[in-house]
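Down below is the structure, laid out as structure tokens.
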Amino acid sequence: MNQLRQVSFRRAPLFGGDVSRVFDHFFGSDIAAPTSAESAWAPRVDIREEAGRFLILADVPGVDLADIEIQMDKNVLSIKGERKAFTSEAEGKFSRVERVAGQFKRSFTLPESANADGITASGRNGVLEIAIPKKAESAPRRIAINAAG
């Protein structure tokens with residue numbers, strides 16, 4: 001004979017009666033400094049091709065432009081820099097930290113039509129602008145055949 005057993009389940013309380021303890025568990029009482037893995041970031045970029053140049057616009061708010069290094073090697077343009085973390089507690093502690101700090105590096109392979117010797121960079125309002133001129137296009141040339149004879 002099969003007997004059915006009645007089993008009852010009881011739902012555990014969601015907050016355990018103490019909401020502030022739940023917030024302390026999730027948000028903690030102190031904000032820890034981000035580790036290097038958490039601080040990895042890269043600026044967002046727009047790349048535009050115009051008639052005579054390529055233009056790279058990179059969002060770098062909070063980054064000192066003097067700390068940004070731009071290099072060109074074998075048709076690869078690299079942008080490196082670092083956003084420093086705000087560490088002053090003179091005004092009080094942070095209750096939330098969302099802005100990422102740390103080093104970044106972006107690399108872009110340029111087309112053959114890019115003139116690496118004429119690259120310029122400037123920045124303002126948190127945007128780095130890198131202008132890469134295009135090489136002058138060589139016009140097709142007709143070659144005459146010399147009939148010797």
Side-chain angles (χ1 to χ4, degrees), residues 1-140:
M1 240 193 212
N2 290 343
Q3 291 183 329
L4 296 175
R5 292 186 195 177
Q6 188 173 11
V7 178
S8 63
F9 293 96
R10 197 177 80 188
R11 182 177 276 193
L14 184 60
F15 292 115
D18 188 4
V19 174
S20 65
R21 191 173 36 156
V22 172
F23 280 101
D24 286 343
H25 173 72
F26 283 110
F27 299 112
S29 58
D30 293 327
I31 302 295
T35 64
S36 60
E38 293 170 334
S39 66
W41 74 284
R44 302 280 187 194
V45 298
D46 292 336
I47 301 174
R48 183 171 65 211
E49 182 175 357
E50 298 175 350
R53 68 180 184 166
F54 299 98
L55 192 63
I56 297 176
L57 302 168
D59 285 343
V60 290
V63 178
D64 187 355
L65 294 177
D67 294 337
I68 296 177
E69 182 180 316
I70 302 171
Q71 290 185 344
M72 181 72 173
D73 185 29
K74 297 179 183 168
N75 236 34
V76 176
L77 180 81
S78 298
I79 308 168
K80 294 189 325 187
E82 180 176 5
R83 181 184 298 150
K84 307 273 195 269
F86 186 75
T87 57
S88 173
E89 290 191 15
E91 300 287 324
K93 287 185 169 182
F94 286 103
S95 59
R96 181 182 212 94
V97 175
E98 293 183 352
R99 297 180 304 156
V100 181
Q103 296 181 351
F104 67 86
K105 181 176 182 181
R106 295 289 309 259
S107 296
F108 306 95
T109 302
L110 299 180
E112 294 296 322
S113 61
N115 180 2
D117 296 329
I119 296 174
T120 60
S122 62
R124 77 172 206 219
N125 298 331
V127 177
L128 173 67
E129 181 177 304
I130 303 171
I132 307 149
K134 291 182 178 180
K135 293 177 184 174
E137 291 184 29
S138 58

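In this text, all values refer to a predicted model and were calculated from it rather than measured experimentally.
Inter-residue side-chain proximity for Arg106 and Ser78 is flagged as unmet; no heavy-atom pair is nearer than 4.5 Å. Side-chain contact check for Met72 versus Leu110: some heavy-atom pair is nearer than 4.5 Å. Contact of the Pro61 side chain with the Arg83 side chain is registered, since non-hydrogen atoms from C-beta on lie closer than 4.5 Å. Inter-residue side-chain proximity for Arg53 and Ile132 is flagged as unmet; no heavy-atom pair is nearer than 4.5 Å. Asp67 is not listed as a side-chain neighbour of Glu82, based on a closest heavy-atom distance of 4.5 Å or more. In this structure, Lys105 and Ser107 have side chains that are in contact, with non-hydrogen atoms separated by less than 4.5 Å. Taking 4.5 Å as the limit, every side-chain heavy atom of Phe54 sits out of range of all side-chain heavy atoms of Pro133.
Looking at every heavy atom in both residues, Pro111 comes nearest to Asn75 through O-ND2, 3.6 Å.
Comment: Glu49 engages Lys134 in a salt bridge, judged by a side-chain N to carboxylate O separation of less than 4.0 angstrom.
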Please tabulate, for side-chain N and O atoms in residues 123-131, each donor-acceptor pair with protein atoms closer than 3.5 Å (sequence neighbours left out).
none

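Listed by first and then second residue, the ring pair (Phe, Tyr, Trp, His ring centres under 6.0 Å) pairs involving residues 97-132 are Trp41-Phe104 (not counting sequence neighbours).
With rounding to the nearest 0.5 Å, the separation of CD1 in Ile119 from CD1 in Ile56 is 8.0 Å.
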>> Could you walk me through whether Lys80 and Ile68 satisfy the side chain to side chain contact (heavy atoms under 4.5 Å, CB included) test, starting with their C-alpha distance in whole Å, then the side-chain angles of each, then the deciding distance to 0.1 Å, before giving a yes or no?
In response: CA-CA 6 Å; Lys80 294 189 325 187; Ile68 296 177; over 6 Å; no
